[in-house]
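These notes are about the structure you will find just below.
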Amino acid sequence: MENSETTKPLNFIEEIVEQDLRNNKNGGRIHTRFPPEPNGCLHIGHAKAICLSFGIAKKYNGKCNLRFDDTNPVTEDVEYVDSIKEDIHWLGFDWEGREFYASDYFEKLYEWAIKLIRKGKAYVDETSAEEISVSRGKPTQPGKESPFRNRSVEENLELFTGMKDGKFPDGSKVLRAKIDMSSPNMHMRDPVLYRIKHALHHRTGNKWCIYPMYDWAHGQSDYIEGITHSLCTLEFEIHRPLYDWCLEQVADGDYKPRQIEFARLNLNYTVMSKRRLLQLVHEGYVEDWNDPRMPTISGLRRRGYTPESLRNFVDIVGIAKRENVIDIALLEHVVRDDLNKIAPRVMVVLNPVKVIIKNYPEGQTEWMKAENNPEDECAGTRELPFTRELYIESDDFIEDPPKKFFRLSPGNEVRLKNAYIIKCTGIVKDADTGVVKEIHCTCDPETKSGTGNARKVKATIHWVSAEQVLDAEVRLYDRLFTKPDPDDTEVGGDWKSNLNPDSLKVVNAKVEVSLSKAVPGEHYQFQRIGYFCVDQDSQPDRLVFNRTVTLRDEWAKISSKK
RNA sequence: UGUCCGAUGGUGUAAUGGUAGCACUGCAGAUUUUGGUUCUGCCUGUCCAGGUUCGAAUCCUGGUCGGACAGCCA
């Protein structure tokens with residue numbers, strides 16, 4: 001008996017899989033595939049599909065193939081193949097060498113097309129694209145049959161061979177399935193199976209000038225690879241009768257792959273369509289596909305998201321058929337959750353203001369012991385230099401503090417993390433601007449951290465020595481859009497008008513010296529501020545950090561409410 | 001006046017004819033040398049109308065609302 005308290009409920013696809021397993025369908029074999037088109041970078045929506053297909057395979061001792069759906073040479077490019085492979089591996093999945101391409105099957109697909117023609121189930125149509133479109137009718141109105149629909153098998157064979165042999169220009173002819181022009185399903189109204197494209201293909205070069213359409217290639221590729229469960233998003237649901245029809249024409253045994261559709265992932269405060277993502281890149285709203293503000297996998301990686309957090313996100317979000325928009329707060333939650341456990345803590349001051357400890361000797365340095373991660377004992381400790389002059393966060397001092405502000409203010413005490421309790425005794429302002437230049441304090445030598453002094457103060461703040469300190473560029477990233485739904489615009493407005501002008505702010509920060517060894521990709525928690533990772537642009541003498549996400553901030557809530 | 005799919009708190013997702021649960025968010029509190037973490041509590045939900053049944057989120061009928069489909073894209 002299963003323990004109902006620990007058994008995770010199955011999603012509807014797992015239920016289908018388990019039922020198939022119980023019925024010993026396909027001999028108990030589970031085989032899925034992830035079929036990206038190499039025409040763009042993968043995004044968080046793809047992560048859902050990857051985790052699903054690879055995850056099902058893993059869970060049920062099956063296999064998952066990586067198959068590039070490269071049937072349209074004019075939009076596809078090798079450069080995306082490598083980035084897609086990198087992203088899948090980074091996410092933690094492996095296709096165990098089963099890296100396939102729909103183009104691997106062009107020959108077989110062609111043979112099957114010939115077979116279709118011989119059966120009288122396909123014909124060469126030479127009406128124009130526009131004519132075909134018109135004669136296809138509308139969803140609510142039946143279409144009309146093409147005048148070429150009833151050509152002889154011989155003529156079709158000759159014409160199709162001619163198409164393959166490059167005798168006709170692009171767009172002059174297509175091969176169509178002969179199904180039903182009055183079907184209520186538009187996709188069954190004699191769908192195009194092959195079109196002519198005299199284009200160089202990234203794998204097959206100029207071997208072919210006719211290319212199969214998605215519907216003719218996808219199910220057949222699944223069949224060739226022995227896929228049992230072909231998981232795809234909802235928009236292909238209406239293709240399923242055609243998927244099944246195509247398979248019906250070529251399958252000769254009991255085995256047939258089954259297409260199952262699930263709802264794609266949507267996230268608020270961002271856009272997800274390849275078209276829009278591409279637009280953001282091309283029009284310079286972001287740096288590139290891997291800009292840390294992009295919902296692409298490479299962008300999230302650069303932002304500091306971990307594979308673990310993304311897998312967890314997909315898991316929490318679930319698999320179902322209803323349309324959904326996930327709150328980006330959930331994405332932020334999963335990465336905080338993971339980074340809290342693994343990210344070493346460091347002290348960094350983003351907006352420094354100088355503190356002078358008046359009763360602390362000039363020239364003296366004490367090395368203060370600091371825990372690297374309170375959530376992980378194994379993370380050990382490090383030593384921080386403490387000196388008479390320090391920097392603290394300018395937000396941590398207010399001359400005239402509001403209620404509930406527990407940090408530094410004239411006459412008030414705070415603890416410096418891992419060091420002493422200090423008291424503000426005075427301030428020095430810039431004569432012209434009135435900005436606080438120096439905060440004068442005294443420290444209580446009895447309160448050094450680790451000495452067991454029990455005196456409590458309301459707040460503990462972070463700091464760095466002003467004498468032993470490093471400068472660093474810190475890129476503060478925020479949500480890409482100001483509205484949950486970027487399409488929520490004034491009438492006639494453009495989604496780009498909702499772009500967040502403050503999605504990136506760059507500051508020059510003061511960071512503790514231990515960070516001198518930080519290397520790209522590392523995650524840190526800047527204490528009391530947020531999680532950051534070292535950017536690929538970082539150099540030993542010019543550190544660059546990206547803010548992954550802020551820490552939850554109770555004070556920010558209180559102060560913004562007032 | 002098409003076909004297909006869907007509808008459970010603010011968001012997402014369970015409950016498979018038998019106590020509507022979990023997570024995120026929000027709110028309140030406890031703990032805390034991070035206003036972090038952790039812990040506790042609270043708010044908020046079965047689209048509508050009929051029917052079947054001892055009993056319906058679940059099954060049936062009819063509505064309503066939302067989505068997909070009219071590329072020689074995938």
Side-chain angles (χ1 to χ4, degrees), chain A residues 8-11 15 35-37 39 69-72 74-76 102 125 128-129 132-134 136-143 170-176 183-189 191-197 210-211 213-215 217-218 232-241 261 263 268 274 316-334 336-337 340-341 345 347 371 374-375 404-407 414-419 421 447 449-450 456-462 484 525-531 550-559:
Chain A
K8 205 168 163 267
L10 304 177
N11 64 51
E15 275 177 14
E37 186 189 10
N39 70 346
D69 223 333
D70 56 350
T71 56
N72 187 357
V74 307
T75 58
E76 293 151 8
D125 196 344
S128 69
I132 288 181
S133 173
V134 170
R136 192 160 6 232
K138 292 179 178 175
T140 51
Q141 293 162 10
D170 287 7
S172 60
K173 290 177 178 52
V174 290
L175 183 73
R176 287 230 257 174
S183 168
N185 183 336
M186 296 292 286
H187 294 277
M188 299 300 270
R189 320 240 265 226
V192 172
L193 264 24
Y194 273 92
R195 72 286 216 199
I196 302 172
K197 281 178 191 283
I210 56 170
Y211 291 94
M213 296 288 289
Y214 166 85
D215 289 299
H218 202 94
C232 63
T233 45
L234 248 30
E235 68 267 29
F236 293 100
E237 197 159 35
I238 200 153
H239 291 244
R240 181 155 26 99
E261 313 84 11
N268 61 17
K274 272 185 190 172
I316 292 172
V317 147
I319 303 292
K321 291 195 74 164
R322 76 186 83 119
E323 300 286 344
N324 61 82
V325 182
I326 310 297
D327 193 339
I328 199 159
L330 183 61
L331 191 58
E332 294 170 346
H333 167 260
V334 294
R336 283 191 190 107
D337 189 46
N340 176 50
K341 290 180 273 190
R345 269 93 240 235
M347 293 212 277
E371 261 184 316
E375 304 296 316
K404 288 190 176 173
F405 182 83
F406 305 141
R407 282 111 93 150
V414 292
R415 173 172 287 283
L416 294 176
K417 178 84 182 167
N418 303 311
I421 290 176
T447 58
S449 288
K456 303 256 184 222
V457 286
K458 287 276 246 182
T460 299
I461 64 173
H462 61 280
Q525 186 198 92
F526 291 1
Q527 274 189 128
R528 301 208 307 130
I529 300 174
Y531 294 100
T550 62
L551 249 31
R552 292 184 67 195
D553 188 350
E554 204 67 29
W555 170 244
K557 282 182 193 168
I558 296 169
S559 57

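A, B, ... follow the sequence lines: proteins, then strands. Residue 1 opens every chain. The model shown is predicted, which means the values in this text are computed figures rather than measured ones.
- Across B/U53 and B/U58, the matching C1' atoms stand 13 Å from one another, rounded to whole Å.
- A/W555 qualifies as a stacking partner of the B/G35 base, centre to centre under 5.5 Å and near-parallel within 30°.
- In this structure, A/N418 reaches the bases: a heavy-atom distance under 4.0 Å links it to at least one base atom across the strands shown.
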Which atoms of nucleotides 37-40 of chain B (N or O only) lie under 3.5 Å from a protein N or O atom, and what are those distances?
residue, atom, partner, partner atom, Å
B/U37, O2', A/N340, ND2, 3.2
B/U37, O2', A/E375, OE1, 3.2
B/U37, O2', A/E375, OE2, 3.3

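- Across all strands, A/P35 comes closer than 4.0 Å to no nucleic acid atom at all (heavy-atom distances).
- Spacing of C1' atoms, B/C47 relative to B/G6, comes out at 12 Å, to the nearest Å.
- For A/E76, whose side chain is taken as the heavy atoms from C-beta onward, the closest listed nucleotide among B/U33, B/G35, B/A74 is B/A74.
- Base pairing of B/C42: its partner is B/G26, meeting the Watson-Crick or G-U wobble criterion (both donor-acceptor distances under 3.5 Å).
- Formation of a donor-acceptor pair under 3.5 Å by the A/Q141 side chain with backbone atoms of A/G137 is not found in this model.
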Please tabulate the protein-to-nucleotide N/O contacts below 3.5 Å involving nucleotides 64-72 of chain B, giving atom names and distances.
residue, atom, partner, partner atom, Å
B/G67, O2', A/E323, OE2, 2.9
B/C69, O2', A/H187, NE2, 3.2
B/G71, OP2, A/S133, OG, 3.3
B/C72, OP1, A/R136, NH2, 3.3
B/C72, OP2, A/R136, NH2, 2.7
B/C72, N3, A/G171, O, 3.4
B/C72, N4, A/T127, O, 3.2
B/C72, N4, A/A129, N, 3.2
B/C72, N4, A/G171, O, 3.1

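- Distance noted for atom P between B/U40 and B/G45: 23 Å (whole Å).
- Rounded to a whole angstrom, the distance from the C1' atom of B/G18 to that of B/A30 is 38 Å.
- Using a distance-only test at 3.5 Å, with no hydrogens or angles considered, no donor-acceptor pair links the side chain of A/R345 to the main chain of A/Q527.
- The CG-C1' distance, from A/L416 to B/U34, rounds to 13 Å in whole Å.
- Comparing A/H218 and A/V457, the nucleotide of RNA chain B nearest to each residue sits closer to the 5' end for A/V457.
- Checked against ring pair (Phe, Tyr, Trp, His ring centres under 6.0 Å), A/H333 has no partners two or more places apart in sequence or in another chain.
- Heavy atoms of A/I461 sit nowhere under 4.0 angstrom from any nucleic acid atom.
- Ring orientation note: the planes of A/H187 and A/H239 are tilted relative to one another, at an angle of 30° to 60°.
- For B/U52, there is no paired base (Watson-Crick or G-U wobble, both distances below 3.5 Å).
- Nearest to the side chain of A/R345, among B/G35, B/U34, B/U13, sits B/U34.
- Across all strands shown, A/K458 has no heavy atoms under 4.0 Å from either base or sugar-phosphate atoms.
- Atoms CG and CZ, on A/N340 and A/R552 in that order, are 11.5 Å from each other to the nearest 0.5 Å.
- A donor-acceptor pair is defined here as one N or O able to donate and one able to accept, closer than 3.5 Å; such a pair exists between the side chain of A/R336 and the backbone of A/T550.
- Out of B/G35, B/G12, B/G26, the shortest distance to the side chain of A/V325 is found at B/G12.
- Counting non-hydrogen atoms under 4.0 angstrom, A/R189 reaches nothing in the nucleic acid.
- For B/G62, the glycosidic angle deviates from 0 by more than 90°, giving an anti base.
- Of the candidates B/A74, B/A14, B/A23, B/A23 carries the atom nearest the A/I316 side chain, counting heavy atoms from C-beta on.
- Among the protein residues, A/T75 comes within range of no part of the nucleic acid, since none of its heavy atoms lies under 4.0 Å from any strand.
- Between the side chain of A/T447 and the backbone N or O of A/I421, at least one donor-acceptor pair lies under 3.5 Å.
- Contact of A/T460 with B/U34 (side chain to base): no donor-acceptor pair of N or O atoms is detected under 3.5 Å.
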Residues A/V174, A/M213; criterion side chain to side chain contact (heavy atoms under 4.5 Å, CB included); working and verdict: CA-CA 10 Å; A/V174 290; A/M213 296 288 289; over 6 Å; no

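- Following rounding to the nearest Å, A/Q141 (CD) and B/U3 (P) show an atom-to-atom distance of 14 Å.
- When the C1' atom is used for both B/U46 and B/A15, the distance is 11 Å, rounded to whole Å.
- Using atom C1' as the reference point in both B/G71 and B/G12, the two lie 33 Å apart (nearest Å).
- Nucleic acid contact for A/Q525: base, since at least one base atom lies under 4.0 Å from a heavy atom of the residue.
- Counting only distance, with no hydrogens or angles, the side chain of A/R189 and the backbone of A/K138 share a donor-acceptor pair below 3.5 Å.
- Taking CG of A/N72 as the reference point, atom CG of A/N39 lies at 8.5 Å (rounded to 0.5 Å).
- Summarising the geometry, the separation between CD on A/E371 and P on B/U32 is reported as 15 Å, rounded to the nearest angstrom.
- Checking B/U13 for Watson-Crick or G-U wobble geometry (two distances, each under 3.5 Å) identifies B/G21 as its partner.
- Across A/I328 and A/N268, no two heavy atoms sit closer than the pair N-OD1, 2.9 Å.
- Taking the P atoms as reference points, B/U25 lies 13 Å from B/C39, given to the whole Å.
- Side-chain to base pairing of A/R528 with B/U34: no donor and acceptor N or O lie closer than 3.5 Å to each other.
- If you check B/G35, B/A74, B/U25 against the side chain of A/H333, the one that comes closest is B/U25.
- Considering only side-chain atoms of A/R322, the nucleotide from B/G35, B/G6, B/A74 that sits closest is B/G6.
- In this structure, A/N185 contributes its side chain and A/I238 its backbone to a donor-acceptor pair below 3.5 Å.
- Here the closest non-hydrogen pair linking A/M188 and A/S183 is CB-OG, 3.5 Å.
- Spacing between B/G17 and B/A56 at atom C1', rounded to whole Å, works out to 7 Å.
- Pairing partner, B/G35: none, since no Watson-Crick or wobble contact has both distances short of 3.5 Å.
- Within the nucleic acid shown, A/F405 comes within 4.0 Å of at least one base atom, counting heavy atoms only.
- Summary of the strand contacts: A/Q527 and A/I326 both lie near RNA chain B, and taking for each the nucleotide with the nearest heavy atom, the more 5' one is attributed to A/I326.
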